[in-house]
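Worth saying up front: this structure is predicted, and the values here are computed from it rather than measured. Chain letters run A, B, ... following the sequence lines, proteins first, then strands; residues in each count from 1.
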Amino acid sequence: MSSHASNVDPKTAELWDKSHYQHDVISTRTFGYFMYLLSDGMLFATLFAAYGVLSYQHSYFGGPTPAEFVKPWYTFAQTMALFFSVLTYGLGMNALKHKNKSGLINGLIAAFVLGVLFLALDIHDMMHLASLGITVATSGGVSAFIVLTQVHAAHIFFGLIWILVMMAQVLSKGFTTDVVGRLLTLRMFWHLQAIIWVFVYVFVYLWGYMS
Amino acid sequence: MLVDLAGGWSPMLGRLAWSQIPYDNPILAPLFVAVVIGAILVLGLITYYGKWTYLWKEWLTTVDHKKLGVMYILIGLVMLFRGFIDGLMIRTQQAWGVGSHSSGVFGALHGYLTPFHFGQVYSAHGVIMILLAATPLLVGFMNIIVPIQIGARDMAYPYLNALGLWITAAAGALIMISLFVGDFAHNGWFGYAPIFELQYSPGVGVDYWIWTMELVALGTTLGGINILATIIKMRAPGMTWGRLPIFVWATLSANVIALTSFPALQVALALVAADRYLGAHFFTAGLGGNLMLYTNLFWIWGHPEVYFVILPAFGMMSEIFPTFSEKPLFGYITMVLASMAIAGVSWLVWLHHFFTMGAGPYVNSAFSVATMLVGIPTGVKVFNWAFTMYRGRLTFNAAMLWAIGALFLLLIGGLTGMMLAVPAINYMVHNSVFVVAHFHSMLLTIVYAIFASVIYWFPKVFGFKLDEFWAKTMFWLFSAGTALVFVPMYMLGFMGMTRRLDYVFNTVWHPYLLVMEFGIAVYMLSVLAFFALLYVSIRDHAKNQVGADAWGTSRSLEWLTHSPVPFYNFAVLPHISARDEVAWRRDNGIDHVQPDHYEDIHMPNNTGVAIILGGLTFVLGFALVWRIWWLCALTLLAIIALVIYRSFKGDPGYIITAAELEKMEKEAMRREAQVGKQRRQAGSGVLGEAIAYERSDLPPLVSRPSSPVGLDHRS
């Protein structure tokens, strides 16, 4: 009855591994990276919570509210840029399945260019707001708006650096375990940023415009 | 975009100036001299004995989870000592500055610490004890024990593991340097809005607090990911979920908490930084800021965090009680479920830290009920431990004493916690020292479990046992100190003494404060006993050598491999057949069966990248504190460049050939055979030692009625 009792017969039990047991490197890495993305999701969840708390009328302290300065169609262009960036990355990964290096590189280049377009539109938008005197120091509500959107933009920025690095690694190293694992984790990262952007677009831009 | 600063700022040095070095402070200046002399002494000794190469190759660049764990524990012990000294200073100030007639020195009206300095001391005490003592100590044990317990050769990501350690070390260095360059936060360890805003705290203290905590949060998140991936992906063949050692389950539940909750802390502090650096208005008193948003965000992390530190401690106790009761753990499955339940409920209780916010009866009731729910799984655990010991063959050695001490403190802390869960009581004692005594009972539960584990797992890591006499002496001194400090503190809490008083106005409380001062002196003796313990144990290490199964009654997989654990952990990965694999093998007389042939194994290379990245994060933190923008940009670029460099370089690892492996294994087995022989000759001379090798002639435990209820333990 004791817990170390086992239905394995000790006389015939296999005591040492003879099956040449190997841990799957790519699966272990992508799993760990998936957990990092969970924590990244919690980071955005916390920022959304802060945005929710700071989106009441009094949070803007009589100053401009998102309804006065967000442009849903402009941001829709950003949305499309990011979505097509994720799509082209996905097409590149499809080329990877066929060991098609040039197809993958083309996909990465397209994803990079569209990502840069997204970021350029974001920076242009922020500079426009600054020219109207709307900065992070305007009011609590605007602080939450800018920090939430710019933390997302910072993720896109680092993702773009990563895409460049991966292009160089694919060209210099080919499809090694390390490189393929990193392409997969970068894909998860890029996809998650697009998912987060859906929430940003709906709750910050559309909802902000409507309220 | 950046805020205007009241004081001076230069592009080259930021806010840094000679006047920021407190050379005229009568407490800090002599301490600084002592630290410099100590540092020169240590560095000189390393150079004299020519140990730099050894240090760099074997420790600073290592990716071995055991060495990283040992370094985590060393950092934790150093910070525990620093936090203890802070506690000593707090107690002394409160014992001295009582009543209007009390004297004052060093510029203080009462006592010896000015209010601003006192504020820094208690803030540093809290931050250090929770984030830089308890957390690294526990992470250190998880690092050392978890891979061996699941039958892995290393963590899932050895390099990330080293990175986590060096980022934690950078955080420790940052809070230490705040002693001598600038000052530290005076807003308590958890901070209050809006006192930490630039307007009210114009110095760099709050900035030190922000970036120290951010670094710890980063290091712990990385560590959490690593440990979770290790447990889920790296288990040996046959190590099913139902056979996982209970400490691994506790670690798993704790790291689920770490992974999900630390981002909330990172965001909360980053928003404080946005307020202080960019002039945002998240938590300001005007312009649309929300003060209670900060408190909510902080405790959304803060409460899960306290379970993040208590759950591994529960896991440690769950390993130690069965070993020294010579019985399997009672209620394995309920223990697992209880750990997971605590991890889940930890997310639903944060508001009990500020019932007095005024959220209204409905919100307060909901959080009150949720808080009381925690008592159910915790109660399950306490009863499981009690039933594990019930009718067991108990050995009261030092590790067991510490574990039982933890159990008693958990009862006291848990029951006072249930009192505090009632909002009506909470309103009475809010911010009183009753609350302080409560959470010190809980945190000391962790400290007791940690010292139990130090004694319990020390022979596994170093190959020899710690001295029983000094370990027990330390236990009794520490326990006397605990009673003398915290029993009066509970009483003072009921008398209405509020926390964080730099001047105690009510002289009626003086006798209690003097008892507490005496108690902290007894604590000091236990610290000395700890040093004696280390000295005596290392001096006598030849006498106290152990074999693989150091205690003779151990149960889980880490006791299968040699002591000290070879750097590859297992020459051949074990195939797991039972929940308590080592106990199962011992009871069936197959515990000495060794693998008959060896194969090449693949191990990761050491790397200097991790420690350099850690150093760079320290410089980045320092540059952010002092607003030296060029240095921030430079270190950030260097970090990115180094990460990319490492990514290109990769690590092919290296191969230990079967022949080399066989040679090392033969050597380890020869040593163990010798230890066994010596032990039989020595007999039972040393307290608590005889059990390990002389009870092998007893009938196997299978035949004893060990589990009182008919739970099916089979995995």
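Contacts between A/Ala13 and chain B at a heavy-atom distance below 4.5 Å involve the side chain alone, from C-beta outward. For B/Leu265, no part lies near chain A; criterion is any non-hydrogen pair under 4.5 Å. For B/Thr284, no part sits under 4.5 Å from any heavy atom of chain A, backbone or side chain. Only the side chain of A/Leu54 comes within contact range of chain B, with at least one heavy atom under 4.5 Å from a heavy atom of that chain. Contacts between A/Phe34 and chain B at a heavy-atom distance below 4.5 Å are absent for every atom of the residue. Only the side chain of A/Arg182 comes within less than 4.5 Å of a heavy atom in chain B; its backbone stays farther off.
The two residues B/Lys233 and A/Ser27 come nearest to each other via the heavy atoms NZ-OG, 2.7 Å. Residues B/Ala229 and A/Met35 approach most closely at N-CE, 3.5 Å, considering heavy atoms. Counting all heavy atoms, side chain and backbone alike, B/Phe648 lies closest to A/Val165 at CE1-CG1, 3.9 Å. Shortest non-hydrogen contact noted between B/Val572 and A/Trp16 is O-CE3, 3.3 Å. Scanning all heavy atoms of the two residues, the minimum distance from A/Leu15 to B/Ile590 falls at CD2-CD1, 3.9 Å. Considering all non-hydrogen atoms of both residues, A/Thr28 and B/Met234 come closest at CG2-SD, 4.4 Å.
Formation of a donor-acceptor pair under 3.5 Å by the B/Tyr157 side chain with backbone atoms of A/Gly32 is found in this model. B/His575 places no side-chain N or O within 3.5 Å of a backbone atom of A/Lys18 that could act as its donor or acceptor partner. The main-chain N or O of B/Leu259 is never found under 3.5 Å from a side-chain atom of A/Ser39 such that the two would form a donor-acceptor pair.
Within a 6.0 Å sphere centred on CZ of A/Phe199, other residues, nucleotides and ligands contribute 12 heavy atoms or fewer. The number of heavy atoms from other shown groups lying within 6.0 Å of NE2 (A/His58) is above 12. The neighbour count for A/Phe31 CZ, taken as heavy atoms of other residues, nucleotides or ligands under 6.0 Å away, is above 12. The number of heavy atoms from other shown groups lying within 6.0 Å of CZ (A/Phe157) does not exceed 12. A 6.0 Å sphere centred on CZ of A/Phe175 holds more than 12 heavy atoms belonging to other residues, nucleotides or ligands. Heavy-atom contacts from other residues, nucleotides or ligands closer than 6.0 Å to CD of A/Gln57 number 12 or fewer.
Side chains of B/Phe282 and A/Val147 form a contact here, defined as non-hydrogen atoms less than 4.5 Å apart.
Annotation: maximal heavy-atom pairing with chain A below 4.5 Å, among B/Asn296, B/Thr221, B/Ile232, B/Asp596, occurs at B/Ile232. The most heavy-atom pairs under 4.5 Å with chain A, out of B/Ala274, B/Ala264, B/Gly224, come from B/Ala264. Put simply, of B/Leu222, B/Leu287, B/Leu160, the one with the most heavy-atom pairs under 4.5 Å next to chain A is B/Leu287. Chain B forms the most heavy-atom pairs under 4.5 Å with one residue out of A/Ser172, A/Gly141, A/Ala50, A/Gly41, and that residue is A/Ala50. Of the listed residues (B/Gln266, B/His602, B/Arg585, B/Met292), the greatest number of heavy-atom pairs within a distance under 4.5 Å of chain A belongs to B/Arg585. In terms of heavy-atom pairs under 4.5 Å with chain A, the best-connected choice from B/Pro322, B/Ala280, B/Gly288 is B/Gly288.
Atom CD1 in B/Ile640 sits 4.5 Å away from atom CZ in A/Phe158 (nearest 0.5 Å). To the nearest 0.5 angstrom, A/Ser59 atom OG is 7.0 Å from B/Asn290 atom CG. Atom CG of B/Leu278 is separated from atom OG of A/Ser143 by 9.0 Å, given to the nearest 0.5 angstrom.
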Practice item. Carefully, step by step, assess A/Ile161 and B/Ile644 under the rule side-chain contact (heavy atoms from CB on, under 4.5 Å). Key: CA-CA 10 Å; A/Ile161 297 180; B/Ile644 293 174; 4.1 Å; yes
Practice item. Output, in order, the C-alpha distance, side-chain angles, deciding distance and verdict of side-chain contact (heavy atoms from CB on, under 4.5 Å) for A/Leu38 and B/Thr260. Key: CA-CA 7 Å; A/Leu38 286 183; B/Thr260 48; 6.0 Å; no
Practice item. With side-chain contact (heavy atoms from CB on, under 4.5 Å) as the test, would you mind laying out the steps for A/Thr46 and B/Ile300 before giving the verdict? Key: CA-CA 9 Å; A/Thr46 315; B/Ile300 281 177; over 6 Å; no
